[in-house]
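One structure is given here, and the rest of the page talks about it.
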Amino acid sequence: LRARVTDAERPGAKPPAPSVAPGAVPVQSAFIKVMSKHLREGAVTLPVYPEIGRQFRELIATEYSSDDVADLLHRDAAITTRLLTLANSPYYRRSRQVKRLSDAISILGRNVTRRTVDLAINQSLFAARNERYRVRFDDAWRHAMICAHAAELLAVRQSIENPAELFTYGLLHDLGSLCITYGAMELEYLETFRQAFVDRELPGALRESHCTFGRLLLKRWAFPSEFLEITQHHDDLSGATEVSDALRFVHFADRVANWIEPSELTISTEELLGLETAKLFKMKKEDVDKLRNDLYHVLELAGMQIDPLAAW
């Protein structure tokens, strides 16, 4: 079945009237049906969350010290190198070179350390094992990065106590797209799906089911319920039983990412400001312009370039 995109599916549009009775399971595309079947049978392997990421998440949920974090993270050479390099950068540089990981963590602070570790851990999940899928994984990582930084900047603007937590929510909100793309890549390799079928059906499958698959993946990784709710409902707040502040932040940040990046989901400034979350956060044109400029700055520091004309 060829996926169709209607005006009602655009971000910010009113949801269409349900085509099935309340409580019934909506019709799925052939693509998603086949993938779901292979997942149940174990023919498709879901990505595995790095063990050090799980341990880090458990540690920061407790009363922890810089030494505690250093004791855990020194086992990962890539993360250790990234933290030490950042602590010795011109922005943080002290009179003496920082050589101890615990000192680097103390200098960077909890928010920057958490953000840096989250980026290092999660970027590995978006590494394409198949060159044909590299652009898809790169685009997914790019969207996750923009959403994460937008959520954190918005949290700072709203004086939220722990903005690094919003960064993590934003970074993981679209993991369902990663899950579906992984499945498509494996099923193409197994010759269950032909290349032309994947190219035609994958975009529609991502729009249709990325939220559901994201919740499935995070549940399998034993993430807290708040992560599951954000992943499931960031696209459409009306489906959530209770809309948390974190869900609102990620919903708006996701739309900001669609606003500044050219794609089939790109929205205009008027559409962005018309969102209920934008009104709740009292965002005006000058506010989103400042948010966009701040995003350009932090993303440039992260080595990511954004088309400056995309949101104009």
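Please read all numbers here as calculations on a predicted model, not as lab measurements.
For D236 and S238, the side-chain atoms include at least one donor-acceptor pair closer than 3.5 Å. Counting only N and O atoms by type, the side chains of D118 and T168 include a donor and acceptor under 3.5 Å apart. Side-chain atoms of S244 and E226 form a donor-acceptor pair, as typed in the model, at a separation below 3.5 Å. A donor and an acceptor atom, one from each side chain of S106 and S66, are located under 3.5 Å apart. For E201 and S29, the side-chain atoms include no donor-acceptor pair closer than 3.5 Å.
Between H210 and H173, the gap from one ring centroid to the other reaches at least 6.0 Å. A centroid separation of 6.0 Å or more is found between the aromatic rings of Y133 and Y182. Taking the six-membered ring where the residue is Trp, the centroids of H251 and H234 are separated by 6.0 Å or more. A ring-centre distance under 6.0 Å is found for F227 and Y169.
Seen from the ring of F31, R200 does not count as a face-on cation partner, given the 6.0 Å and 45° thresholds. The cationic atom of R57 (NZ for Lys, CZ for Arg) lies less than 6.0 Å from the six-membered ring centre of F223 and within 45° of the ring axis.
Between R194 and E188 there is no salt bridge, since none of the side-chain N atoms of the basic residue sits less than 4.0 Å from a carboxylate O of the acidic one.
Cluster membership check: V156 does not share its hydrophobic cluster with V112, using side-chain heavy-atom separations under 4.5 Å among Ile, Leu, Val, Met, Phe, Trp and Tyr.
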**Chi angles and distances behind the side-chain hydrogen bond (donor to acceptor under 3.5 Å, both in side chains) call for T269, W259** = CA-CA 7 Å; T269 302; W259 173 56; 3.0 Å; yes
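No side-chain heavy atom of W141 sits under 4.5 Å from any side-chain heavy atom of L178.
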